[in-house]
Every structure is written in C-alpha cells, then in structure tokens.
Amino acid sequence: MAEQIKLIKRGTAEVIPEAELVKKLERCASTGKPLRIKFGIDPTGSEIHLGHTVPIRKLRHFQELGHEIVFLIGDFTAQIGDPTGRSESRPPLTKEQCLENARTYFDQVSVILDMSKVEIVYNSTWLESLNFSDVIKLAANFTVARMLEREDFSKRYSEGRAIGLHEFLYPMMQGYDSVALNADVEIGATEQTFNLLAGRQLQQAYGQEPQVVITLPILVGLDGTQKMSKSAGNYIGITDAPEDMYGKIMSISDKLMIDYYELLTDIGEAEIEEIKQSIANGRLHPRDAKMRLAHEIVCIYHGREAADWAQERFRYIFQQGRSAMAAGAEALVKPEEITIPSEELNPDGTIWICKLMTLAGLTASNTEARRLVEQNAVSVNGEKINDPKSVLKIGESLMLQVGKRKYVRISASTPAASELAKRGREL
RNA sequence: GGAGGGGUUCCCGAGUCUGGUCAAAGGGGGCAGACUGUAAAUCUGUUGGCUACGCCUUCGGAGGUUCAAAUCCUCCCCCCUCCA
C-alpha cells in the first residue's frame, strides 16, 4: 500500500484529498474492484509532445497498479473550447474530425499506455441529451462567487476583460462527466484544478462518492520559462527523430533538468535525489546528468538502439570534431537528402548559394539566406562561405550546413528525371 | 442607448498634432556569431521581399487630397473603457 501511494504521488502537484485516496485504495485492495481513473482530452488533434505525456505517464502508473483507465474524449466540450489558459476560442470541430483526431492521439499514446486496456468514452454521449431544465438544475449547484474563484476568471473579471457566460458552463460539464462516469480519481494539469474540483461538487450533489483529484505540474518548455506548447515552439514531440529529441533535451537549462527527470522518466526518486546531490557538490558534471536524461527519454520513445546512436552521434559532432562534414561522419550524421531540379541550375551547372538554401528549405527567402551567409553561419562541405554572391557547382553531391544544427546533402536531378517529375506534376 | 480611447512589422509599443530625413525608434521574442557543456549568463550582429548601394510591397479596409501619406479628408469594419 505504501508503495502504491508512493508511485501515485510521484511527481504530482497535489492530491486532493490524500486521505480519500488511501481509503479508496484500501477498499480496492479488499474488494479487488479496480479504481476508475478518469482523464479527459480535447480532441484538437495536435501532435503530442512531452508536456502531454506527464499526465499520461501518471495514468500508466495507475495501469501498472491494475486500475482502470477511462479516457474521455471531449467531443461535446470541444465545441465550446475550454477557456483555461487561453484567450482565443477554438473553432468548433465536426464529429468526424473529433474521431480522426482521437485516433491519431491514441496511436501516439500507445507508446506509453496499453491501449487495449483503456476504456474510451465520448462526452457527447450524455451531454448532448441534456435539456435546458437539466442544465439549470446543474447550474444551481454553483454560485457566481464560486466561479469567480477560478484564477483565470477572477483575473479577467478584475481586468475588465470579457468572460462568456458559456465559459462558466465548461467546469460544470467537466464535472458532470465525472458523474456520468462515476469516476474515483481524475487526473489533470494544475491549471485544471478548478474544473476537476467541480466534479467532486457535482458527484456529491448526485449522491456519489466524490473523486480524488490529482494534479500534475505543467512542464516547462525548451525556453525554460513558458509552458511547453506547440504554439510557443518550445516543445519536444514524441515523434521527433531520436537525434532531434536528444539534442533538444541537451539544450534545456540545468534548472529544468531535475523536473524532467521526475516527470518524464522512470528513474527512481532516490536516484534522482542522488543525481541532484552529486551535481550540487560537483561530483557529477551537469552535462553528463543531462546526457543520461536525454538517453533515457529517447529510449522510451525510440528504443535503446536509437538512443545509443543518438548519444554517440552527439558525442561525435558536438563534443569532438564539431564538424558534421568530417569524413566518416556519414553514419552518425545521416543528413537529409535533398534533390534540386536541374532546371534551377544555371546553364553551366552552377547555382547561387542563397537560391540553393531556399530551394533546400533551409531558409524562407533568399534575403534570409543572404543574411546568414553574411553572418558566417553557412558552410559547404565543411568550409565556411561568407560571400553572399558565391556560386556553387553541385557536381556529385555536397553537404550544406546552416547554423549549428541544420544540414542537408544536396544533389541535382538529371535533366531527364526532372523533366519527368515536371510532367508528373502537370498530370 | 450616451461619452470617450484605440487598431503600426512575429509580439508589445513609439511615430499621427507640425505630411517628405519612415522598411518605420525602443523593448521582447526569434535567428546567427563569440564564449561554452548544442546549459545558463554575457557580448555582437540581424530580424518584409527582390541576383540588390537601387527597386517593389507593407502601418485595420476602400477611396480621396498632394510632386509626396503610417501621418491630412471621406466612408466602412473591428476592439476596448466609462456611464445607463
């Protein structure tokens, strides 16, 4: 029992209230009836990043302990859009989009969770059939003062910004979901606390035992300050290539490292504590601790072999030669191959460097390319180019590198091939 | 319904009274360079496009005045605040 609680509490922000969790677990142990763990998502259909995995990993812990995961797709609520943490309302989604998004979501999540044991439900199932008097009855369980307790609402209210009346309904609906599912535990990020607690309130009103609320910290992104999110561009996608994932983790600040250890890996708490101590007293170089972290995480999503490779590659490129172009580096570097249509070349088979960079997708415009060349950020076959008027001959193939991390191998298509491709496009 | 304040480049925000010197200050963020541990901090450069010391497009939208408009005029759209 103590072990169970320890695993469940690991990395959480809050367990409200802990005593009830203990009671539920004890009952579960004596009756053998697993707890129902609710977790809801908005089927907005974006790529999953490490920030999303924090609560999902918590679900996995519950799954390991033999409890039942109920995955709630908020297909109904998606039509309103949870105002939490954002000011823009989202465009409504069609049913088909919801289903499609849910499918891609579960594809990605299956790396972490055993999806065959997960119960999937859609909240339109019960929310759609409520009528106006049902809604009034539900709404009567809350007061305006109570709603304004939510930080997001009170802040907007005091700043004189708009709060849509329908936004008050969101916590209510989420709470009613818990009633409909008879949830024992609900998991969410700390910013969800209010909505999660609404579930407790409504469950009590409907004569159910209230759910235990478990909140998880919000994962800070690569920039070290903002919440990890796609729109902020500070994220690590779980489908990122091993080397990218590894590299991105290496670029986080030392301060974040321990949080990442705790929230994103299975390394034991005692060991994490030891790492922390060793760094503090200088026995362990923070870089090495971070490499371990990066390896560990890549391992989860790509397997040991890929993680080993990414690590070796990192050592080779960034700690030793620092040249992605060095002979024999091919196997580690694995540059993306880009073929330039030969009609883009000048008659003598050469091409202007800036144009080449843009064609290869390394820059958005020739002007940007020119700037980078002038800033000494571009090299070809390992040699810096700093004349923006340079003209290159592609020949067999060449390595083009921009900045520290972007590089591609360029080759030109034969005229015949590009002619074919062109015709293919027209057809 | 009444009164007032606004919409400027990725974001915030000057510039508008007193048209040109405005591709538009400053800050943030981004990118690159130096230093490093692809860390942090710091410093420097850069941040619409175009084979480019010139040209083109951009200050909510559409017109107009003018040699010249982010700046002046007309109409329209949108946002916010206060009062009711």
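Basis for what follows: all heavy atoms, side chains included, without hydrogens, waters or symmetry-related copies. Lettering follows sequence order; numbering is per chain, from 1. Because the structure is a prediction, the values reported are computed rather than measured.
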Counting only Watson-Crick pairs (N1-N3 plus N6-O4 or O6-N4) and G-U wobbles (N1-O2, O6-N3), all under 3.5 Å, who is the partner of [N]?
N      : value
B/rG63 : B/rC73
B/rU58 : none
B/rU16 : none
B/rG45 : B/rC31
B/rA24 : none

ask   = Heavy atoms under 4.0 Å, any strand shown: does A/I252 hit a base, just sugar-phosphate, or nothing?
value =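 Sugar-phosphate, no base atom in range.
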message = Any residue in residues 385-394 of chain A with a heavy atom nearer than 4.0 angstrom to RNA chain B? Just list them by number, or reply none.
response =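 Of all residues in residues 385-394 of chain A, none places a heavy atom under 4.0 Å from RNA chain B.
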Taking atom [atom1] in both [N] and [M], what distance in whole Å separates the two?
N      : M      : atom1 : result
B/rC82 : B/rU66 : C1'   : 39 Å
B/rC10 : B/rG61 : P     : 13 Å
B/rU74 : B/rU18 : P     : 15 Å
B/rA69 : B/rC59 : P     : 12 Å
B/rC67 : B/rG2  : P     : 40 Å
B/rG15 : B/rA3  : C1'   : 27 Å
B/rG20 : B/rC43 : C1'   : 38 Å
B/rA24 : B/rA14 : C1'   : 10 Å

Cationic N near anionic O, under 4.0 Å, A/E191 to A/K227 =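 Yes, charged N to carboxylate O under 4.0 Å.
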task = Taking only Lys NZ, Arg NE, NH1 and NH2, and the carboxylate oxygens of Asp or Glu, determine whether A/R371 and A/E374 approach each other closer than 4.0 Å.
result =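 Looking at A/R371 and A/E374, the cut-off is not met.
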request  = Nearest-nucleotide wise, let me know which of A/R370 and A/V402 is further upstream toward the 5' end of RNA chain B.
outcome  =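 Closest to the 5' end, via its nearest nucleotide, is A/V402.
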request  = Starting from the 5' end of RNA chain B, give me the residue, A/S251 or A/A377, whose nearest nucleotide shows up first.
outcome  =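 The residue whose closest nucleotide sits nearer the 5' end is A/A377.
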message = So, under a plain 3.5 Å distance rule, would you say the side chain of A/Q375 forms a donor-acceptor pair with the base of B/rG45?
response =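 Answer yes: a donor N or O sits under 3.5 Å from an acceptor.
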inquiry  = What I want to check is whether an N or O donor and acceptor connect the side chain of A/N366 with the base of B/rG49 at under 3.5 Å.
reply    =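 No, no donor-acceptor pair under 3.5 Å.
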With a cut-off of less than 4.0 Å, is there a side-chain N or O of [X] near OP1 or OP2 of [N]?
X      : N      : value
A/T367 : B/rC50 : yes
A/N376 : B/rA32 : no
A/R371 : B/rG49 : yes

query = Are the ring centres of A/Y122 and A/F76 closer than 6.0 Å?
reply =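 Between A/Y122 and A/F76, the centre distance exceeds or equals 6.0 Å.
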key: A/E14 and A/T190: side chain donor to acceptor below 3.5 Å   =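 Judged by distance alone, the side chains do not pair up.
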request  = Under the side-chain contact (heavy atoms from CB on, under 4.5 Å) rule, what do A/E186 and A/Q174 come out as? Steps first, then yes or no, please.
outcome  = CA-CA 11 Å; A/E186 179 162 8; A/Q174 191 170 334; 3.4 Å; yes
ask   = Which nucleotide sits closest to the side chain of A/R405: B/rU38, B/rA39, B/rU51?
value =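 So the side chain of A/R405 is nearest to B/rU38.
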query = What nucleotide, of B/rC31, B/rU36, B/rA39, holds the atom closest to the side chain of A/K404?
reply =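 From the listed options, B/rU36 comes nearest.
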message = Checking A/V22 now: which residues fulfil side chain to side chain contact (heavy atoms under 4.5 Å, CB included) with it, not counting sequence neighbours?
response =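 If we apply the side chain to side chain contact (heavy atoms under 4.5 Å, CB included) test to A/V22, skipping adjacent residues, the hits are A/I5, A/E26.
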task = Name the orientation class of the two ring planes belonging to A/Y246 and A/F314 (parallel below 30°, tilted from 30 to 60°, perpendicular beyond 60°).
result =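 Rings of A/Y246 and A/F314: tilted, 30 to 60°.
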message = A side-chain contact here means heavy atoms from C-beta on lying under 4.5 Å apart; do A/L392 and A/L356 qualify?
response =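 SC-SC contact between A/L392 and A/L356 confirmed.
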